[in-house]
Amino acid sequence: QGAAQSLPYRQYLTDLSTSLFSFVLPLLPTAEELATKEEVRGLIERLIKTIEPSSRLASFGSSCNSFGLRNSDMDLVCLIDNKEAALHASDLVAMIGDLLERETNFEVKPLPKARIPIIKLTLNPSPGLPYGIACDIGFENRLALENTRLLLTYATIDPARIRTLVLFLKVWSKRRKINSPYRGTLSSYGFTLMVIFFLVHVKNPPVLPNLQRIAPLRPMSKEETTIDGRDVWFFDDTETLRKEWSSANFESVGELLIDFFRYYSHDFQYNNTVISIRAGHLTKESKGWMNDIDVGGLNENARDRNRLCIEDPFETPYNVARTVTKDGLYTIRGEFMRATRILTQHRDQRDRAVLALAE
Ligand code: CTP
Ligand code: MG
């Protein structure tokens, strides 16, 4: 590695990066798809306002963090300014569910009793919309809007490298079936945090600054930076970032990808380390996130809760990877190793490497 890179190997890395760009490009959403989704958001917002005039419907997640793929789900959140009404979220979910059922073609599934009340909407495929639309509406989850903005700001610093890496890893994790939080593996959000952690805290020199720690030009009052009791401050002035921050790391996307896979295959200490984009490497012990075997007396499910630990950037007591089971982690690590192997074996044929990887 490093100084020892031979000319053909350097050429391979350049070619690999080109292949990654061309692999990701046709998977981006079309302008038409984005417009349709914005129309759907507006339509649902108008309907919801007939029940609760003080409400707004905002997008979050991949439709606005710049890591969206074609035909991805829509994440929406209903924000209610009338505090009185906000207290009755579960009644509201039921009423809105009924209304959408009556007034739209969506298949509606309100889950008012869920820990976080949501409404699931699906629009079946039609000639104009060959993949249909799947959409989750949550309520009052303001932290999700902030963490979406944080991811977007990170992407904006170095879009060519960050977006390519994250988008490729999303496609890869979906095709390799390790992007299913309901089946013991990790959400896209979790994979994205793993990438940012790697670029901020593992790469030396770093590819990205730590936006939550950068020379704190914080507002005077702490009030302004708190939502639901959490400190959500980060440096979000992208103009200044573009002018004043430049990375001393010039590795190509291909090189970073190989190193990402290698790091999470062999170097990262899954047993005792917590991934924190806010604070770097933390110990599970310092967070009280030991495997519950040590705690004793808890059920099987609880035992699996802290296999993989990723601290949420704002909701710091929350392990984003708590869905990952023992088997899930074993599979994910196996996939990191497979990817490392493929990328170091197919040096002569970079296109083949990229395709084999995301088979
Ligand atoms: N989110 C969260 N905590 C989680 C999972 C998700 O707060 N454990 C929020 C984040 O705001 C995230 C959004 O939900 O940006 C969407 O998460 P996810 O669906 O995992 O990511 P997307 O970028 O939308 O990816 P995909 O295209 O796979 O839907
Ligand atoms: Mg999503």
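Nothing fancy with the numbering, it's 1 onward along the sequence. As the structure lists them, so they are numbered: ligands from 1, and atoms in each ligand from 1.
- For F336 and H266, the gap between ring centers reaches or exceeds 6.0 Å.
- Residues G97 and V108 come closest through the heavy atom pair O-CG1, 3.7 Å.
- Within the 4.0 Å heavy-atom criterion, the part of N65 lying near ligand 1 is the side chain and not the backbone.
- Between F235 and T240, the closest side-chain pair of non-hydrogen atoms falls below 4.5 Å.
- Here K174 has side-chain heavy atoms under 4.0 Å from ligand 1, and that is the only part of it that gets that close.
- Regarding atom 8 (N) of ligand 1, its nearest protein heavy-atom neighbour is Y318 OH, 2.9 Å.
- Only the side chain of S72 comes within 4.0 Å of ligand 1, counting heavy atoms alone; its backbone N, CA, C and O stay farther away.
- Looking only at protein heavy atoms, the nearest one to atom 10 (C) of ligand 1 is N147 OD1, 3.2 Å.
- Nearest to atom 23 (O) of ligand 1 among the protein's heavy atoms is S62 CB, 3.2 Å.
- For atom 27 (O) of ligand 1, the closest heavy atom belonging to the protein is K170 NZ, 3.0 Å.
- Closest protein heavy atom to atom 12 (C) of ligand 1: Y189 CD1, 3.7 Å.
- From the protein, the heavy atom lying nearest to atom 9 (C) of ligand 1 is F60 CE1, 4.0 Å.
- In this structure, E140 pairs ionically with R142, as a charged nitrogen and a carboxylate oxygen lie closer than 4.0 Å.
- At the top of the distance list for atom 16 (C) of ligand 1, counting protein heavy atoms only, stands D75 OD2, 3.6 Å.
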